[in-house]
Amino acid sequence: LMRESYLNEKDVGFKQIKTDLRPIVIVGGHGQLGGLFHQMLTLSGYEVRILDKHDWDQAEAICDNASMVIVSVPISVTESVISRLPTLADDCILADLTSVKSKPVAAMLAAHKGPVVGLHPMFGPDVGSLAKQLVVVCHGRDSDAYQWLLEQIKIWGARLAEADAHQHDEAMQLVQAMRHFSSFVYGYNLYKENADLDVLLQFSSPIYRLELAMVGRLFAQDAELYTDIIFAQEHSHDAIADYLKRYQEALKILQAGDRDQFIATFNEVGKWFGDFAGQFQRESRNMLKSANDSRQI
Ligand code: NAD
């Protein structure tokens, strides 16, 4: 029900938190996420201008008098784009939507004297609404100046979570780089094995369908975005190498036929998960139920 009411708001517009604001510029505003923010800001009554790839000869004019500049370009060019921005007014907010945070936030602090904030929307542009979606906030400088923006994002229905940029990037190594890398390898393996997806689906339990869906949806999306997310994390190699090591350890136990050792490890991990294990079981029960209810193939 909550989602529906936000969807309706998307048709009629949102409450505008900060009135009489000078124009907002979205660098990369023709892209997926920039486009979504363009839509949300416009629906909230703000004047939005776009500075995309081919507009740099007009950058001065586009950024002139801007109250906020939001950078939403591919990760690989984010820092160079930030350093290329014209000098912004001292009270202009410089923000970004990049999936990694340390380097973009540092680049924004270096490029601009005024308010700086790093945002990481933890969702793709295909969400129907922002209701209950998470946006990570990494404070840069002068947070009072952009408090209204955070309030505005909450009006759109999203939840905010504050994080230190380095802490965010570290967590993202596991949450994103590792997750996507594992999905990538899983899909790569299905492809190499030339698995018959129709047959797999026929015999799939709901949890396996969910796993296939998670992996399959990766390959419906932009290769460059996910490659950038995986490559952008400097330490993701270590995290992935550690994961591979554990995979091999577990394989050894399996190959040795050491059932007792496997059970002991299983229980050790279960104990470590503690109360979360039960919580996850309850939560996934609902996910599995709705995954099963909404199957299309
Ligand atoms: P996208 O490729 O759809 O959009 C990028 C936009 O930037 C395009 O319009 C492109 O023309 C423009 N661009 C490229 N180089 C430019 C340059 N030098 N100057 C100005 N504009 C330039 O990508 P996206 O998916 O919208 O991702 C944008 C940012 O959002 C990335 O930093 C990404 O990490 C972040 N993000 C994306 C998602 C997602 O699911 N798509 C989720 C969270 C965060």
Side-chain angles (χ1 to χ4, degrees), residues 24-42 48-63 66 68-86 88 94-108 111 116-130 132-138 140 149 153 156 158-161 163 165 168-169 171-173 175-181 183-184 214-234 236:
I24 296 170
V25 174
I26 303 182
V27 187
H30 288 310
Q32 297 194 74
L33 199 65
L36 178 66
F37 272 73
H38 185 187
Q39 185 192 19
M40 298 306 285
L41 287 164
T42 306
V48 180
R49 299 174 182 164
I50 289 176
L51 171 59
D52 215 278
K53 240 193 322 238
H54 303 299
D55 306 326
W56 282 98
D57 52 342
Q58 302 156 59
E60 293 274 353
I62 296 170
C63 293
M68 174 161 75
V69 172
I70 303 176
V71 179
S72 181
V73 298
I75 300 176
S76 52
V77 299
T78 296
E79 285 155 80
S80 72
V81 160
I82 290 169
S83 67
R84 251 180 107 179
L85 289 172
L88 307 171
L94 183 55
D96 81 308
L97 306 177
T98 318
S99 303
V100 293
K101 295 272 51 96
S102 296
K103 287 183 176 176
V105 170
M108 291 192 295
V116 166
V117 61
L119 302 171
H120 179 196
M122 299 286 296
F123 47 84
D126 62 342
V127 288
S129 105
L130 265 60
K132 293 187 181 175
Q133 298 289 349
L134 181 67
V135 177
V136 175
V137 181
C138 298
L149 172 65
I153 293 172
W156 297 337
R159 297 174 294 128
L160 301 177
H168 165 276
D169 287 358
M172 284 307 125
Q173 276 154 32
V175 174
Q176 289 209 314
M178 265 287 292
R179 175 71 262 125
H180 299 321
F181 188 81
S183 290
F184 170 80
M214 180 182 71
V215 171
R217 69 170 270 122
L218 178 72
F219 295 95
Q221 297 175 76
D222 186 41
E224 283 189 41
L225 172 69
Y226 285 94
T227 301
D228 280 349
I229 289 175
I230 294 166
F231 277 54
Q233 297 287 358
E234 262 168 40
S236 64

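Residue indices begin at 1 and follow the sequence shown. Numbering of ligands and ligand atoms starts at 1, following listing order.
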Atom CG of D57 and atom CD1 of I62: how far apart are they, to the nearest 0.5 Å?
8.0 Å
Identity and separation of the nearest protein heavy atom to atom 18 (N) of ligand 1:
V81 CG2, 3.5 Å
Quick check: S99 and ligand 1, any N/O pair under 3.5 Å apart?
yes
Heteroatom proximity flag, Q32 to ligand 1, N/O under 3.5 Å:
yes
With only distance considered, is P125 within less than 3.5 Å of ligand 1 through an N or O on each side?
no
Separation of M68 CE from L88 CG (nearest 0.5 Å)
12.0 Å
Residue and atom name of the nearest protein heavy atom (relative to atom 35 (C) of ligand 1), distance in Å to one decimal:
L97 O, 3.3 Å
Counting N and O atoms only, with roles assigned by atom type, does the side chain of D169 sit under 3.5 Å from a partner on the main chain of K101, one being a donor and the other an acceptor?
yes
Honestly, for F123 the part within reach of ligand 1 (heavy atoms, under 4.0 Å) is backbone
Could you find the nearest protein heavy atom to atom 12 (C) of ligand 1 and give me its residue, atom name and distance?
D52 OD1, 3.2 Å
Do any nitrogen or oxygen atoms of T78 come within less than 3.5 Å of a nitrogen or oxygen of ligand 1?
no
Can you report which non-hydrogen protein atom sits closest to atom 19 (N) of ligand 1, along with the distance?
W56 NE1, 2.9 Å
Once you round to the nearest 0.5 Å, how far does CD of E79 lie from CG of D96?
10.0 Å
At a 4.0 Å threshold, what atoms of ligand 1 neighbour a non-hydrogen atom of I75?
32 (O), 34 (O)
In this structure, atom 6 (C) of ligand 1 is nearest to the protein heavy atom G28 O, 3.6 Å
Distance to 0.1 Å, residue and atom name: give those for the protein heavy atom nearest to atom 32 (O) of ligand 1.
V73 O, 2.9 Å
Kindly check if the number of other-residue, nucleotide or ligand heavy atoms within 6.0 Å of CD (E224) is above 12?
no
Before signing off on this row, confirm whether K53 and ligand 1 have an N or O atom pair separated by under 3.5 Å.
yes
Is any NZ, NE, NH1 or NH2 atom of the basic residue among R49 and D55 found under 4.0 Å from an Asp or Glu carboxylate oxygen of the other?
no
Out of D228, L225, L85, who is nearest to atom 39 (C) of ligand 1 when you count heavy atoms only?
L225
Show your working on side-chain contact (heavy atoms from CB on, under 4.5 Å) between K103 and T78 and close with a plain yes or no.
CA-CA 9 Å; K103 287 183 176 176; T78 296; over 6 Å; no
Any donor-acceptor pair under 3.5 Å linking the side chain of D52 with the backbone of H30?
yes
For atom 43 (C) of ligand 1, what's the nearest protein heavy atom and its distance?
P121 O, 3.2 Å
What residue and atom, counting heavy atoms only, is the protein's closest point to atom 14 (C) of ligand 1, and at what distance?
P74 CD, 3.5 Å
Calculate, to the nearest 0.5 Å, the distance between atoms OG and CG belonging to S129 and L36 respectively.
10.0 Å
Interatomic distance, CD1@I82 vs CE@M108, rounded to 0.5 Å, equals 5.5 Å
Between ligand 1 and G31, is the shortest N or O to N or O distance under 3.5 Å?
yes
If you measure every N or O of L33 against every N or O of ligand 1, does any of those distances drop under 3.5 Å?
yes
Measure the spacing between CZ of F37 and CD1 of I26 and express it to the nearest 0.5 Å.
8.5 Å
CZ (F219) with more than 12 external heavy atoms under 6.0 Å
yes
Below the 3.5 angstrom mark, is there an N/O of Y226, backbone or side chain, next to an N/O of ligand 1?
no
In terms of atom number and element, which parts of ligand 1 are under 4.0 angstrom from non-hydrogen atoms of G124?
40 (O)
